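Being a predicted model, the structure only gives us computed values, none of them experimental.
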Amino acid sequence: MPPSPTSSRHIFLDAYRGSAVLLMIIFHFCWDLREFNYISYNLFDSFWVNFRAVILFLFLTAVGWSTYISKIPPPFQTSHFKKFLVRQMKLLIAAASISLITYLAFPSQWIYFGILHFILLASFILYPFARYPRLNAIIGLAIGLIFFVTSWLQFPNIHHFLLNELGAPQYTLDIVYPFPWIACVFFGPIIGKFLSKITVRNNSLVRILSWLGQHALIIYLLHQIILYSLISVATFLIKQLN
């Protein structure tokens with residue numbers, strides 16, 4: 001029996017988000033191999049910069065898509081808002097944990113506004129407009145145009161302010177600037193509106209990606225610990241054998 005539109009919509013969203021999770025794991029696996037000198041590359045090469053951009057685009061549009069789904073139909077209900085607040089509380093705890101752990105482990109480059117911090121803020125900004133995908137698309141397009149055509153959203157002094165007034169580290173392990181990335185969140189609802197009409201085949205690949213998407217937060221929090229530990233153990237064993 002084919003999936004209902006609602007279940008198909010959620011499967012596609014989970015698989016879409018799962019694709020971002022899979023690319024993130026690959027990205028960080030290569031990062032860890034680089035840290036242990038198994039491979040060598042420049043993080044600022046266009047390939048790796050664009051690789052990260054694709055991951056961010058998928059994650060952030062998925063945020064917009066999921067927020068859109070949470071608002072349609074039925075119309076706004078208190079229970080929906082409570083679920084949204086519960087999700088936001090989980091994000092807040094996760095983001096605070098990332099900041100604390102990185103501050104303790106890497107005090108000179110701790111994460112003070114990474115992807116989770118950004119998603120937490122962006123979700124609150126999008127929530128009131130999430131039911132209007134076309135309006136969101138216009139807002140996202142306007143932000144993108146203003147950012148790339150003018151210098152109005154560049155905020156050249158914000159990094160200086162963070163460094164000198166708030167004591168933020170000169171280098172951080174992860175940072176997502178509000179502009180232009182907030183535009184991707186606003187594009188999420190319109191992307192979800194059209195992609196949700198596509199029927200997704202329930203094959204092995206879709207199930208794997210959906211599972212990754214359903215557990216994206218916990219995977220994000222744990223995957224680097226697991227990857228780094230595995231490579232560290234493998235490196236130790238290789239040295240012992242040699």
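- Not one N or O on the side chain of Thr67 forms a donor-acceptor pair closer than 3.5 Å with the backbone of Ala130.
- Residues that satisfy the side chain to side chain donor-acceptor pair (under 3.5 Å) test with Arg207, not counting sequence neighbours, are Ser204.
- When Ile182, Val185, Ile138 are each tested for a side chain to side chain contact (heavy atoms under 4.5 Å, CB included) with Ile143, only one passes: Ile182.
- Considering CG of Leu33 and OG of Ser40, their distance stands at 12.0 Å, rounded to 0.5 Å.
- Taken from CD1 in Ile119 to CZ in Phe124, the straight-line distance is 13.0 Å, to the nearest 0.5 Å.
- Within the hydrophobic cluster formed by Ile, Leu, Val, Met, Phe, Trp and Tyr side chains joined at under 4.5 Å, directly or through other members, Phe236 is accompanied by Val233, Leu237.
- Not counting sequence neighbours, the partners of Thr235 by the side chain to side chain donor-acceptor pair (under 3.5 Å) test are Tyr38.
- Sequence neighbours left out, the pairs with a member in residues 189-211 that pass ring pair (Phe, Tyr, Trp, His ring centres under 6.0 Å) are Trp211-His215.
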Go through the steps for Leu121 and Phe113 under the test side chain to side chain contact (heavy atoms under 4.5 Å, CB included), then give the verdict.
-> CA-CA 10 Å; Leu121 176 63; Phe113 197 74; 4.0 Å; yes

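- The shortest heavy-atom contact between Ala183 and Gly144 is CB-N, 4.3 Å.
- In summary, the aromatic rings of Phe27 and Phe51 are positioned with their centroids under 6.0 Å apart.
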Any chance you could lay out the side chain to side chain contact (heavy atoms under 4.5 Å, CB included) test for Ile231 and Phe29, step after step, and finish with the verdict?
-> CA-CA 9 Å; Ile231 296 175; Phe29 180 65; 3.8 Å; yes

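- Evaluation of the salt bridge (Lys or Arg N to Asp or Glu O under 4.0 Å) test over residues 23-43, restricted to residues two or more places apart or in two chains, returns none.
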Pairs of donor and acceptor atoms involving the side chains of residues 19-26, under 3.5 Å and at least two apart or interchain, shall be tabulated with distances.
residue: Ser19; atom: OG; partner: Ala15; partner atom: O; Å: 3.0

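- A continuous path of Ile, Leu, Val, Met, Phe, Trp and Tyr side chains, each step under 4.5 Å between heavy atoms, connects Phe36 with Leu43, placing both in one hydrophobic cluster.
- Checked options Tyr132, Phe84, Tyr68, Phe186; the residue passing with Tyr127 is Phe84 (criterion: ring-ring contact (aromatic ring centres under 6.0 Å, His included)).
- Here the shortest heavy-atom pairing between Phe118 and Pro178 reads CE1-CA, 3.5 Å.
- Arg201 meets the side chain to side chain contact (heavy atoms under 4.5 Å, CB included) test with Asn203; sequence neighbours excluded.
- The aromatic rings of Tyr103 and Trp110 sit perpendicular to each other, their planes meeting at more than 60°, with 30° as the lower class boundary.
- The salt bridge (Lys or Arg N to Asp or Glu O under 4.0 Å) search around Arg52 returns Asp174, not counting sequence neighbours.
- Its side chain outside the 4.5 Å cluster rule for every partner, Val149 clusters with none of the Ile, Leu, Val, Met, Phe, Trp and Tyr residues.
- Side-chain atoms of Gln214 and Arg17, non-hydrogen and from C-beta on, never get closer than 4.5 Å to each other.
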Donor-acceptor list for residues 87-100 side chains, cut-off 3.5 Å, not counting sequence neighbours:
residue: Arg87; atom: NH1; partner: Ser66; partner atom: OG; Å: 3.4
residue: Gln88; atom: NE2; partner: Leu120; partner atom: O; Å: 3.0
residue: Ser97; atom: OG; partner: Ile93; partner atom: O; Å: 2.7
residue: Ser99; atom: OG; partner: Ala95; partner atom: O; Å: 3.3
residue: Ser99; atom: OG; partner: Ile111; partner atom: O; Å: 2.8
residue: Ser99; atom: OG; partner: His117; partner atom: NE2; Å: 2.8

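- Other residues, nucleotides and ligands place more than 12 heavy atoms under 6.0 Å from the CZ atom of Phe47.
- With rounding to the nearest 0.5 angstrom, the CD1 atom of Ile226 is 9.0 Å from the CD1 atom of Ile219.
- Between Ile39 and Cys30, some side-chain heavy-atom pair lies under the 4.5 Å cut-off.
- The CG atom of Leu56 lies 5.0 Å from the CD1 atom of Ile115; values are rounded to the nearest 0.5 Å.
- For Tyr220, there are no side chain to side chain donor-acceptor pair (under 3.5 Å) partners at least two apart in sequence or on another chain.
- The aromatic ring centroids of Phe179 and Trp181 lie 6.0 Å or more from each other.
- Tyr41 has its ring centre less than 6.0 Å from the ring centre of Trp48.
- Follow the hydrophobic side-chain contacts under 4.5 Å out from Val49 and you never reach Leu58; the two are in separate clusters.
- Leu126 places a side-chain heavy atom less than 4.5 Å from the side chain of Asn136.
- Contact of the Thr61 side chain with the Phe57 side chain is registered, since non-hydrogen atoms from C-beta on lie closer than 4.5 Å.
- Remark: Leu195 engages Phe12, Tyr16, Trp65, Ile191, Ile198 in a side chain to side chain contact (heavy atoms under 4.5 Å, CB included) (not counting sequence neighbours).
- The two residues Leu135 and Phe129 come nearest to each other via the heavy atoms CD2-CD2, 4.4 Å.
- By the criterion of side-chain heavy atoms lying less than 4.5 angstrom apart, applied directly or through intervening Ile, Leu, Val, Met, Phe, Trp or Tyr residues, Val176 is not grouped with Ile101; the two fall into different hydrophobic clusters.
- The line from CD1 of Ile175 to CG of Leu173 is 11.0 Å long, rounded to the nearest 0.5 Å.
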